[in-house]
Amino acid sequence: MALAEFNLIKQFFTRPAKHENTRLSVGDDCALLSVPEGYELAITVDTMVEQVHFFPDVDPEHLAYKLLAVNLSDLASMGAEPVAVTLALTMPTVDSAWLEAFAKGLFALADKYHFDLIGGDTTSGPLTLSVQAMGLVPKNQALKRSAAKVGDLIYVTGSLGDAGLGLKIKQGYAGQNTQQALQRFNTPEPRIKEGLAIRSLANACIDISDGLAADLGHILTKSGVGACLDYERLPLSTVVMEYMQQTGDWQMPLIAGDDYELCFTLSAEHARQLNIACTCIGVIEEGQGMRLIRNGVSASFNNSGFEHFV
Ligand code: ADP
Ligand code: MG
């Protein structure tokens, strides 16, 4: 390893580990994590590529925040508690100001959700960032996509379409009160607390990265069930409603990605025990696919999530 690379890692990505399960952090060939008795490790990785996942003018602090948030969101949807992440960083040049801002965004989330950066890889090339996140979940309690049951109610946390509106604003849509939507697009909040709160109540769960319709579709396929969604019940912010009134684009909250809310299903009995901010939007039924009821009638819509290889 070249000195420049060594110094870079030392300067920007090395700090004392805080989590009790981190036994060895940055600086050796591997990091070491201990997994407490009765728990299993939930592991996920996500990559972000310039031009594909973010704009070249992105604020590096926001970029780090979002890169981690999308991984933490996967842990949240399984009901896992974050422990540690690794970071693979490929960048064209070493820009200290950029790295400093990036590390600031990264450690802001690490402090907020109590996990360590325990290792990674640093290479030169077109700007590409991968984070692998690891979390702990009690054995056999992880929330899977495959366990939705007929009769379950379908819930979502937060509100839908705000990040989608943020993207439209970045692409030139001139709306009012853009701050909230841009914030949801730039720095989504992983629903860790909510994932832990529903772990003992929900049957199936997924995080909404590609749009509600596409992601709920994964639950339906994996669980071998269908769903009926009530459009009027979708939780929408004032800015998203204003956008829809101005453009007529009523499908946006169903198909826009990047919200990182949780969509989960549970029995009516368990639903009564929910104590997080969430909204019931429909019900799991027999069959396959999704029916959408809008204005009292069945509505069809363009149900295709974001695809990389088309
Ligand atoms: P190796 O060649 O054995 O894979 P490296 O020389 O790539 O190790 O990295 C040295 C140490 O620095 C390792 O502990 C590795 O995990 C860590 N590391 C490398 N890049 C990063 C990074 N971007 N963020 C955090 N840790 C990193
Ligand atoms: Mg090695």
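All ligand and atom numbering here is 1-based and tracks the order in the structure.
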Consider every N or O of [X] and every N or O of ligand 1, then say whether any pair is closer than 3.5 Å.
X	answer
L117	no
V26	no
D29	yes

Fellow cluster residues of F185, listed by chain then number, with links counted only when side-chain atoms sit under 4.5 Å apart: F55, L167
Contacts of type side-chain hydrogen bond (donor to acceptor under 3.5 Å, both in side chains), residue S34, not counting sequence neighbours: N21
Would you mind running through ligand 1 and noting each atom that sits below 4.0 Å from a heavy atom of D121? 7 (O), 19 (C), 20 (N), 21 (C), 23 (N)
Give the atoms of ligand 1, by number and element, whose distance to some non-hydrogen atom of D28 is under 4.0 Å. 13 (C), 14 (O)
Is [Y] reachable from [X] through a run of hydrophobic residues whose side-chain heavy atoms are each under 4.5 Å from the next?
X	Y	answer
L136	L109	no
L8	L67	yes
V70	V131	no

N/O donor-acceptor pair under 3.5 Å between S159 side chain and L236 backbone: no
Considering only heavy atoms, does T122 approach ligand 1 within less than 4.0 Å through its side chain, its backbone, both, or neither? both
So between G27, S25, A31, C30, whose heavy atom ends up nearest atom 11 (C) of ligand 1? G27
